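None of the values given here were measured: they were computed from a predicted structure. Letters A, B, ... are given to chains in the order of the sequence lines, protein chains preceding strands, and every chain is numbered from 1. Below, each value reflects all heavy atoms present in this structure, side chains not excepted, and no hydrogens, waters or symmetry copies.
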Amino acid sequence: MKVVLPDQTELELPNRSTGLDAARAIGPKLAEQAVLVRANGIVQDLRLPLEDGQPIQILTTRDTSDPDALYVLRHSSAHLLAEAVRRLYPGVKVAIGPPIENGFYYDFDFPEPIHDEDLPRIEAEIAKELEEGREWTREQISRDEAKARFESEHEPYKVQLVDTAEGDISLYTQGDFTDLCRGPHLQNSKPIKALKLTGIAGAYWRGDSTQPQLTRIYGTAFYSQADLDAHLERLAEARKRDHRVLGQRLDLFHFDEHSPGSAFWHPKGMVIWNQLEALRRRENARRGYVEVKTPLIYDKALWVTSGHWEKFRENMFLIPLDNDQVYGIKPMNCPGHMLLFGETLRSYRELPLRYAEAAPLHRNELAGALHGLTRVRYVTQDDAHLFCTQEQIPSELDGCIDYLRFLYGRFGLEPRAEFSTRPDGKLGSDEEWDFAESELEAALKRNGIEYVLGAGEGSFYGPKIDLHVTDVLGRSWQLGTIQLDRQMPQRFGLTYMGADNTEHPVFVIHRALYGSFERFIGILIEHYGGAFPFWLAPVQVRVLPVGEGHLEAATAIVERLRAAGYRVDVGEPTETIGKRIRASELEKIPFTIVFGDRESEQSLAIRERGGDQTEDSLPDFLTKLATLGA
RNA sequence: GCCGGAGUAGCUCAGUGGUAGAGCACCGCUCUUGUAAAGCGGGUACGAGGGUUCGAUUCCCCCCUCCGGCUCCA
C-alpha cells in the first residue's frame, strides 16, 4: 500500500501499516516525536492501520499549538489524572474524562467529598507519573469482555458506557490504569511538559440533573511550560475585559444582594442602553414595525392559555392574591401581544403586522445560573412579534435575517448561527413542527447562513434560529433569536379574514435581535474591552483646563460641544494635569482636550484615546466628530 | 436548584480568640499644573442571625450574596 505525504510525495508501506509505521519509515526522530496522524484529514491514533492511497499528516510534539495535537495531549493527561486519583482515593469510581477547549476534565464518584486543597496532592501524584514515564497501549475487545472486565473492577459507570456503546470496545492502558476510551492517545507521557489542575466542580452523570452528581476535576496541559504560562497570562488578561470588572470600573452598572440578578444601571451605563434603544427604534420604524405596550402582570388563566403555566411556571415570579387568584409577572411578551392582536378581527390587508416592545421581563432563573449581565432575572428583550399569513413567512424571515446582518455588522460582531429544533415536551404536533422547522431551515439556506444544528434546543412553542457569541472567558451566549410559532396563535384562537372571506390561521415570528439589552451590553463591553466606539461612549469628550485660570474657557468649549449634541464633561483642575489625563484614559474616553495658555478655539490640543495627539480648531473638530456620529 | 470556593473600607487586598491595617478612590489643606499617578493630613469596614466562650471579625450551625462549574436559558 502507499500513502500520500503533505508534500504530495508517495510513501510505500507494507499492507496494514499504522501511522506509527509510516513515521518510522520516514525517520526515527519523527517516530519518536509523533503524537497522532491525520489520515484523510481525520485524526487517528498512531496505533491504527492506515488505508491505501490516503493522504496523511503526522503531527509531532513540535505542533505545540495545533488543536488536534493539544487535544490528544490533554486526553492523555486526563487519563493520568484518573490514574493518580485512583491511587490516592481507594474506592473512587471513574466516569468519563475527555479533552475540552483549553484543557480536559475527568469525572469521578468519590466515596468522600474532596476539596480544593486536594488538588496539589493530586498534581504531585501526576508529577510522579510524569517523572516515571507512562506508555499507552491500546487493545480492542468485545463488548461482553469489556463489560465483564469493568464489572469485576467495580466500575459501574464504565459498565453503563459499555452498555450504550456500539461495536467493539477499545481500551487504553497506562501504568496500572485501564480506561474505556475511543482514543487517540499519545505514545507515552514524555510530551506532557506542563500540566495544571484548575478546579473542582459538580457535574451530573451524563449531563442529566436526575442522575447522580459526580465530582469533576478540571485541568489543562501543554507541550511546554511557556505555553502554559502564556495560557494563564491570557486568562488574566481576559479577566480584565470581563464585563463585570469593567462595569464597575467604568461606572456602568452594579448588582445588589437585595435584588439578585437585577442590574442597577448607572447614568453612564444608561447612555449605552439608550443608544442601543435609539438604534432599535429608528431601525424598527424603517422596517415597518409598530411599537406597542402591554401589561406586566396577567392572571393565571392567560398563562394557562399560552402554555407558560405548563412549560415555564418554574421560571416565573408568581403573585398570589387574597381571593385565591394568582397573577404572574411576564417572562415573555408574546401572550400579551396575542391578546392585543386578537382584540379585533384582523383582515389580510393588515398583515404582516409587526409589534415591537422592549418591556421589562422577569424570569426566576436558578440562583446558581446568574452571571453578571449575561444571565439576569430582570431582562429586557428587544422583542417583536410578526403576525403574518403562511405565505408571508419566507419574506418575513428574510426581513429578520437582513435586519440581523445589519445590526451585528454595526458592532463588528460575528455570531455563530444555530438552528434549534423541537425539544422534548414541545407543544403541538409533529406535522406542525415539520413545517415550522423546514421554513426556518429554508430561510437559513436561502440567505446563505452557515449554521450548526441544535437538536432539541428549540422553544416549547417553536423552532429557532439563534445567534451565539463567546465571552472573554470562552463561554457561549445566545443573543438574537428568530422563532416561528404556530402554537401560540392557535391557542389564542387567532385568525385573519382572507380575501376569500373565510378565516385563516395566523403565524407568528418571535424575534429579538440584540436578544436582551442586558446580555448584549455585557457582550459589547467585552467586545470593545470598555473602549466603546464614539457613538456609544458614555462620555465622548472631556475637556481639561490646565489651571484654574483656564476653567472658564474650557467650560465654554464644553458648552459648544454640548450644544452640538455631544456628551462632554470638564475635568476640573483639582489635580495635576497628568493625573487627569491618566484618569481620562482609564475611563476610556475617546477624546481629551487639554486647554491652557497655548490653546484657543482656533487651536485645540486634542488627545485621542490611546495617546495620539493632534491640534485642531473647534469648528474642524466638530466637523470631524460629525463623521463619527451614530 | 446541585457540587466546590469566597464574603474585612467605595475598589483591590493583608490580618487576629482580647473589637483591625495598606494602596487606590474620597474629603481637607498646600502646590498652580502641559499629555498615563505632586505633597501633607483626615473619615469610612469584619454579609445577616444563632451558638460555644469571661470575651467571636476569628471556632461551630444556619441563612443570604458573589465566584468557578453542572443543569437550565435572552
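- Rounded to a whole Å, the CD atom of Glu257(A) is 19 Å from the P atom of A6(B).
- Nucleotides A45(B) and C62(B) are separated by 30 Å at their P atoms, to the nearest Å.
- Nearest-nucleotide positions on RNA chain B place His115(A) closer to the 5' end than the other of Ile581(A) and His115(A).
- Ring orientation note: the planes of Phe108(A) and Tyr106(A) are close to parallel, at an angle under 30° on the 30°/60° scale.
- Distance check on atom C1': U30(B) versus A36(B) gives 24 Å, rounded to whole Å.
- Residue contacts shown for Thr215(A) are absent, as no nucleic acid heavy atom lies under 4.0 Å away.
- For the side-chain contact (heavy atoms from CB on, under 4.5 Å) test with Pro463(A), the passing option among Gln483(A), Glu457(A), Arg422(A), Glu437(A) is Glu437(A); the others fail.
- One finds no side-chain N or O of Arg609(A) lying less than 4.0 angstrom from the OP1 or OP2 phosphate oxygen of A36(B).
- Other residues, nucleotides and ligands place more than 12 heavy atoms under 6.0 Å from the CD atom of Glu608(A).
- Taking the six-membered ring for Trp and thresholds of 30 and 60 degrees, Trp273(A) and Phe517(A) have nearly parallel ring planes, at less than 30 degrees apart.
- The one candidate from Arg511(A), Lys293(A), Lys330(A) that meets the salt bridge (Lys or Arg N to Asp or Glu O under 4.0 Å) condition with Glu357(A) is Lys330(A).
- Looking at Glu117(A), its side chain has no donor and acceptor atom pair within 3.5 Å of the base of G5(B).
- Put simply, CZ on Arg607(A) is 10 Å from P on U35(B), counting in whole angstrom units.
- In this structure, Glu283(A) pairs ionically with Arg287(A), as a charged nitrogen and a carboxylate oxygen lie closer than 4.0 Å.
- Whole-Å rounding puts the Leu544(A) CG to G34(B) C1' distance at 11 Å.
- For G18(B) and A56(B), the C1' atoms lie 10 Å apart once the distance is rounded to whole Å.
- Comment: Asp208(A) does not engage Arg206(A) in a salt bridge, judged by the lack of any side-chain N to carboxylate O separation of less than 4.0 angstrom.
- A straight line from CZ of Arg249(A) to C1' of C24(B) spans 12 Å, rounded to a whole angstrom.
- Inspection of the Glu601(A) and Ser617(A) side chains reveals no N or O donor paired with an N or O acceptor under 3.5 Å.
- The distance between atom CD of Glu575(A) and atom P of C26(B), rounded to the nearest whole Å, is 7 Å.
- Nucleotides U16(B) and U57(B), compared at atom P, are 16 Å apart to the nearest Å.
- Counting to the nearest Å, the C1' atom of G4(B) and the CG atom of Asp109(A) are 15 Å from each other.
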Inset, instruction - Dot-bracket for RNA chain B, please, read 5' to 3', with Watson-Crick or G-U wobble pairs under 3.5 Å on both distances, ( ) within the strand, [ ] crossing, | other strand, . unpaired. - result: (((((((..((((....[..)))).(((((.......)))))....(.(((..]....))).))))))))....

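- Going from the C1' atom of C24(B) to that of G47(B) covers 23 Å, rounded to whole Å.
- Within the nucleic acid shown, Ala605(A) comes within 4.0 Å of at least one base atom, counting heavy atoms only.
- Ring geometry, Tyr461(A) versus His510(A): the interplanar angle falls under 30°, so the pair is classed parallel (tilted spans 30 to 60°).
- C31(B) and G41(B) have their C1' atoms separated by 15 Å, given to the nearest Å.
- Within the 4.0 angstrom heavy-atom criterion, no nucleotide atom of any strand lies near Leu214(A).
- Between the C1' atom of G5(B) and the CG atom of Leu197(A) lies a distance of 16 Å, rounded to the nearest Å.
- A donor atom on one side chain and an acceptor atom on the other are found under 3.5 Å apart for Ser476(A) and Arg416(A).
- Remark on RNA chain B: of its neighbouring residues Gln248(A) and Arg598(A), the 5'-side contact belongs to Gln248(A), judged by nearest-heavy-atom nucleotide.
- Within the structure, every side-chain polar atom (N or O) of His258(A) is placed at least 4.0 Å from both OP1 and OP2 of U65(B).
- For G34(B), neither phosphate oxygen OP1 nor OP2 lies less than 4.0 angstrom from any side-chain nitrogen or oxygen of Lys579(A).
- Counting to the nearest Å, the P atom of U35(B) and the CG atom of Leu586(A) are 17 Å from each other.
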Legend entry - Heavy-atom protein contacts under 4.0 Å, nucleotides 66-74 of chain B, coded B base, S sugar-phosphate only, - none: SSBBBBBBB

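- Between C26(B) and C63(B), the distance separating the two C1' atoms is 33 Å to the nearest Å.
- In this structure, Phe253(A) and His243(A) have tilted ring planes: the angle between them lies in the 30° to 60° band.
- Comparing the P positions of G34(B) and G28(B) gives a spacing of 23 Å, expressed to the nearest Å.
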